[in-house]
Amino acid sequence: MEFAELIKTPRVDGVVLRRPFMPTVEGTLCLTGHHLILSSRQDNTEELWLLHANIDSTEKRFVGSLGTIIVKCKDLRVIQLDIPGMEECLNIASSIEALSTLDSVSLMYPFFYRPLFEVIEDGWQSFVPEESFKDLESMTDEWRLSEVNKDFSVCPSYPSLLTVPRDIDDESLCKAASFRHGGRFPVLSYYHKKNGMVIMRAAQPLTGTNGRRCKEDEKLINATLCAGKRGYIIDTRTIAVAQQAKARGGGFEQEANYPQWRRIHKAIERSNVLQDSLIKLVEACNDQSHSMDRWLSKLEASNWQSNVKEILTTACLAAQCIDREGASVLVHGTEGTDSTLQVTSLAQIILDPACRTIRGFEVLIEREWLQAGHPFQQRCAQSAYSNGKLRSEAPVFLLFLDCVWQILRQFPCSFQFNENLLIMLFEHAYASQFGTFLGNCVAERGKLQLSQKTVSLWSWVNRPQELERFLNPLYEPNNLVIWPSVAPQSLLLWEGVFLRWNRSTKCLDEAYQEMVHIIEYNKELQNKVNSLRRQLAQLETEDSPLQTP
Amino acid sequence: LNHIVEQVKLLDRFSNKSVTGTLHLTATHLIFVESNSTSAQEIWILHHHIASVEKLSLTTSGCPLLIQCRNFRLVHFVIPRERDCHDIYSSLLRLLRPVSYDELYAFSYNPKQNDQQREEGWQLIDLAAEFERMGVPCDQWQLTDVNREYKVCKTYPRDVYVPITASKPIIVGSSKFRSKGRFPVLTYFYQEKKAAVCRCSQPLSGFSARCLEDEHMLQAISKANHNSRYIYVMDTRPKLNALANRAAGKGYENEDNYSNIRFQFVGIENIHVMRGSLQKLLEGVGTRSLSMTDYLVGLENSGWLRHIKAIMDAAIFLAKAVTVEGASVLVHCSDGWDRTAQVCALGSLLMDPYYRTIKGFMVLIEKDWISFGHKFADRCDQLDPDPKEVSPIFTQFLECVWQLTEQFPQAFEFSEWFLIQIHEHVHSCQFGNFLGNSQRQREDLQLKERTYSLWAHLLSENQNYLNPLFSPSFAESHPVLEPSTQAYHFKFWRNMYNQYDRSMHPRQSILKHVLTLQESNRELEGTVQALKTKLQKFGVNTSPLKPQTPPRECSLPPRPQSLILGAPLLSRKEVQQEEDEEVFGEEAREDAPASTGGERTVEGSSATENSYGELMGSFGSKNEPGVVTLEFGVARMTC
């Protein structure tokens, strides 16, 4: 298909762009296959380059022959384009509509994007499961790397290599897989070096109404326990929801069959509820009414902060079991691709200082989200302005990022990266020039040949020029477990995302710069002192023979 | 009087954690000293800070005593013997209801200063000099001696400024037409546009009464400003309240009787509504295992942030009228000492960068709150009071300022610690500044001879209160602050209302961190200088160091009493030491008591002790359906 077919009017002059807190720009609007571009053709004004994939929804309005298109983006920004001429406006609007809702993945921008920078380190090759396994091997010999899912037939949403208990053979894995939703049998998620405890993750067991059991599944997870030890199963659903799942063939581990495990139910909402929560929250943030009561009641009604609190609390609980209780944990919800991953990845941020470095965080995203089969393409197809019929969109990843931000706020010196990295990941999960977040699982990415045909986000992020933007100047590595507070008073609205386009950040940005300045000046002074001391020491040793009689 | 009770348990408000220690009751303080010798936490509670004491019914572990403080501390003791509990309880009841001013702490507090130092402390803030700074007296405004003997208005200061065209008969006539004789006077002069901010109380207009002198007075204010043909009259009350006042012979200005006024209601609620609102707020955020929904609903239902926003909106209106339109504004409410003080003070702070400095903020409080007779004694419950007079009016003002510091991190010389410390002392009655209800009463009490000034105390430790990001050049580019009044910019001030609930605070403080770095920068600058001098002796000349910031006093700050402020400011060396410990002795640290790690300890051993004990206990029980909500455990873990 040619994009040209979809572009009825490629160019309109005299278009006015209005954005909150920014000067209006008048210029020429151009539509290309992947971008909406507005340029005043003057050197000093900023151009707007908007990926069609970033457009969540559009609205048209007409006053006389002046048309207005309101463009609502997945990164939550709302812009207004005033277009002279009714026909032009209609053409532009329908082109944007068509171009922003292309069905085929292979037409997406990442397949056309050619980087303007030289790829030094290919992000597609940066994170190899074998490498992480080597680290694990150096700590314990209890685990092995299994190729049972080599052709993705045992579990379509898992990667081809999986870390499983050494004593469980592939045949047992297959049987356990048949007992778990989507074939997602329990696999290793995290090994806690300090005490050897582990976090495993899976999907719900398919017990059904008649209480089916699977010896291999029981054996598999028991194999992760040390002799005489017990573990915890954290089911991210309430007991009621888990009970209901039985009717559809799902269910939860019966204590009779898993006597060494204690089950805990939490209440993380399902994805369609989360999407609704996001829509309501963003609606509240965009409300210009200035009424305090209205704002607070809408914020409350959105339930967003409650979701943040619940997810964070569950992650703390998992971390607490591991570090404080010295017990291993198995986490699952229904499919094991959403709330499960939120919990396992957040728990690692709490427990493992390595995850708080940029590289470690990238590894975490790669391992616990991309490889683990979070369906990014489905979940991030639409964002907060999706007014059409939703299929399986949900801000699962955004909620995870929000929780990371909450921990970052409470431990501002413990992370190597800053808020910008989190915001950047949110943007790219929803619309990107890079192929990283395309597809729903490793198998799909392989079919799409993303690593050959697109550029990895990590190739770009890890360039020194880019990394600088994401570095936290306050960072001082610490090896401790960091326990965040989950009291409502401690959890804040993530303004950097939700109020990003609704406020002027000039004063805050300048204050941040000042802070960076103080920190850098400190380093400079320390270097100066060191060099002067060296100089002095040298002079003193040179002089000493003369001074000693 | 000196009670000592041993084996007293102090329960944490939000978890089941407790520590054991000894309770001492002295003439001025209730002191709890933790028995554990390694951490030995001490809590000092000033009797004046105690708002209420409650003795709960006897439990198996002893007799619970619940103490609520005006600085939002809430302590829960369990005293083993009922008898001891009762003794402490009844002593406290007596102590926290002083009947005369002489019993207040300020009259016995002695910071070991001589009379001269004390006097100097009181001279730090000079309001005459402040009016001079604004450019008053000038060709339109003069100092009047009409109130020299407090004859016209008992609750005003002796020195007040009025338009030169307002003669004494006009002033006196106007004062008779205003509640409590509080006639219109100048409180802030915006030199750039010669526009004035004036304040007064409501007119005694009833349904139709008028007063020519009062009309004349407003005319005089209007004429003193050539930039504008009209003045604004801001009635800070809701219209309904003002209407109701008419029945009592009070009310508001009739636009028909006053030429060239623009009358405006701004709708700030009265002291009773504010008192109820704070109470609801505190009930909400004091709940154990509070859910997000209950928190947000509680925040909304308390109306607290709505009131804060109303005050801010009024101040912004005032600042805009003065700085943009160049119009003078007359502000009043009912008596002109609560809402009027809030709006005038906050409005001035928006207009004048001086009030955003440490010294300037003191001047502002001295002027709009202390000298113009905000009834601190009544509002803050200093003497055995009328509970209907108590109201957090001044607290709201401090909060409005905090909300501004959040929007403008570089505009203020001081950090929130300064605001919190002032709040602490408004209620402590340790210094003389806020005692009594008016200047006249303060003179009668001879406070300047018998007590010390808070301002001198705060200035002596001002390095504790500095905002490291403060930029004097910000004031040049933003002489007038224009805050956004979008609802989402108003946030719950956790560090005030949950200030003693440390578990809720960020575990690492950016403010403290940057302050430490700044301190270290000053030390390093000194070191560089010293090294250069030594090098020069060897004949080596090095390039001069770029001056970074003007040198400030540099000594390590002492610890103030408030818990928030009390956390140590780590020097660079200590930080280093701590890092070493983390690298080499992580295990040892984990077992050490939580307090040794200061801010950087992430969690002590407490989580293990409490939350999981319960969990393990129930592990084997079969009768339960195997469902455990660990809500409790997590709450404890994080507290």
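A note on names: the letters A, B, ... follow the listed sequences, proteins ahead of strands, and every chain is numbered from 1. The analysis underlying the following values was restricted to heavy atoms, covering all of them including side chains, and did not include hydrogens, waters or symmetry mates.
Both the backbone and the side chain of A/N502 come within less than 4.5 Å of a heavy atom in chain B. Neither the backbone nor the side chain of A/R294 comes within contact range of chain B, judged by heavy atoms closer than 4.5 Å. Using a 4.5 Å cut-off between heavy atoms, B/T293 touches chain A through backbone and side chain atoms alike. For chain A, the nearby part of B/R494 is the side chain; its heavy atoms alone come within less than 4.5 Å. Residue contact with chain B, scored on non-hydrogen atoms closer than 4.5 Å, involves the backbone and the side chain of A/S297 alike. When heavy atoms are compared at a cutoff of 4.5 Å, A/S504 does not approach chain B at all. Proximity to chain A is limited to the side chain of B/F492, based on heavy atoms less than 4.5 angstrom apart. No part of B/Y497 comes within reach of chain A, as not one of its non-hydrogen atoms sits under 4.5 angstrom from that chain. Contacts between B/K309 and chain A at a heavy-atom distance below 4.5 Å involve the side chain alone, from C-beta outward. At a 4.5 Å heavy-atom cutoff, the contact between B/K491 and chain A is made by side-chain atoms alone. For a residue to count as touching a neighbouring chain, one of its non-hydrogen atoms must lie under 4.5 Å from one of that chain's; by this rule A/E495 touches chain B with the side chain only.
Rounding to the nearest 0.5 Å places OG of B/S520 at 11.0 Å from CD1 of A/I518. Rounded to the nearest 0.5 Å, atoms CG (A/N522) and CD (B/E523) are 10.0 Å apart. Here A/M515 contributes atom CE and B/Q410 contributes atom CD; the two are 11.5 Å apart, rounded to the nearest 0.5 Å. The CG atom of B/D294 sits 8.5 Å away from the CD atom of A/E300 when rounded to the nearest 0.5 Å. Here CH2 of B/W304 is found 12.5 Å from CE of A/M292. Values are rounded to the nearest 0.5 Å. Note: A/Y521 OH to B/E525 CD = 3.5 Å, rounded to the nearest 0.5 Å.
Of the listed residues A/L499, A/L508, A/L493, A/L299, the one with more heavy-atom pairs under 4.5 angstrom with chain B than any other is A/L499. Between chain A and the residues B/V514, B/L469, B/L299, the largest count of heavy-atom pairs under 4.5 Å involves B/L469.
Side-chain atoms of A/E514 and B/S471 form no donor-acceptor pair, as typed in the model, at a separation below 3.5 Å.
Considering only heavy atoms from C-beta on, A/R533 comes within 4.5 Å of B/T527 through its side chain. At a threshold of 4.5 Å between non-hydrogen side-chain atoms, the residues B/Q508 and A/S414 count as touching. No side-chain heavy atom of B/R507 sits under 4.5 Å from any side-chain heavy atom of A/I482. Here the side chains of B/S291 and A/P488 are not in contact, with every heavy-atom distance at 4.5 Å or above. Using a 4.5 Å heavy-atom threshold, the side chains of B/F538 and A/Q538 count as separate.
Side-chain atoms of A/S306 never come within 3.5 Å of backbone atoms of B/M292 as a donor-acceptor pair (strictly under, hydrogens ignored). Side chain of A/K528 to backbone of B/L524: no donor-acceptor contact under 3.5 angstrom is found. When atom types are taken as modelled, the side chain of A/Q489 and the backbone of B/M504 share no donor-acceptor pair closer than 3.5 angstrom.
A pairwise comparison of heavy atoms in A/C507 and B/P409 identifies O-CD, 4.0 Å as the closest pair. Of all non-hydrogen atoms in A/W295 and B/A487, the two that sit nearest each other are CB-CB, 3.5 Å.
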Query raised in the report: Is there a side-chain contact (heavy atoms from CB on, under 4.5 Å) between A/C413 and B/H513 once you walk through the steps?
Result: CA-CA 9 Å; A/C413 307; B/H513 191 91; 3.7 Å; yes
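The environment of B/K534 atom NZ is sparse: at most 12 non-hydrogen atoms of other residues, nucleotides or ligands sit within 6.0 angstrom.
With sequence neighbours left out, the side-chain contact (heavy atoms from CB on, under 4.5 Å) criterion links B/T287 to B/L290.
Screening residues 302-323 of chain A for ring-ring contact (aromatic ring centres under 6.0 Å, His included), with sequence neighbours left out, gives A/W304-A/F498.
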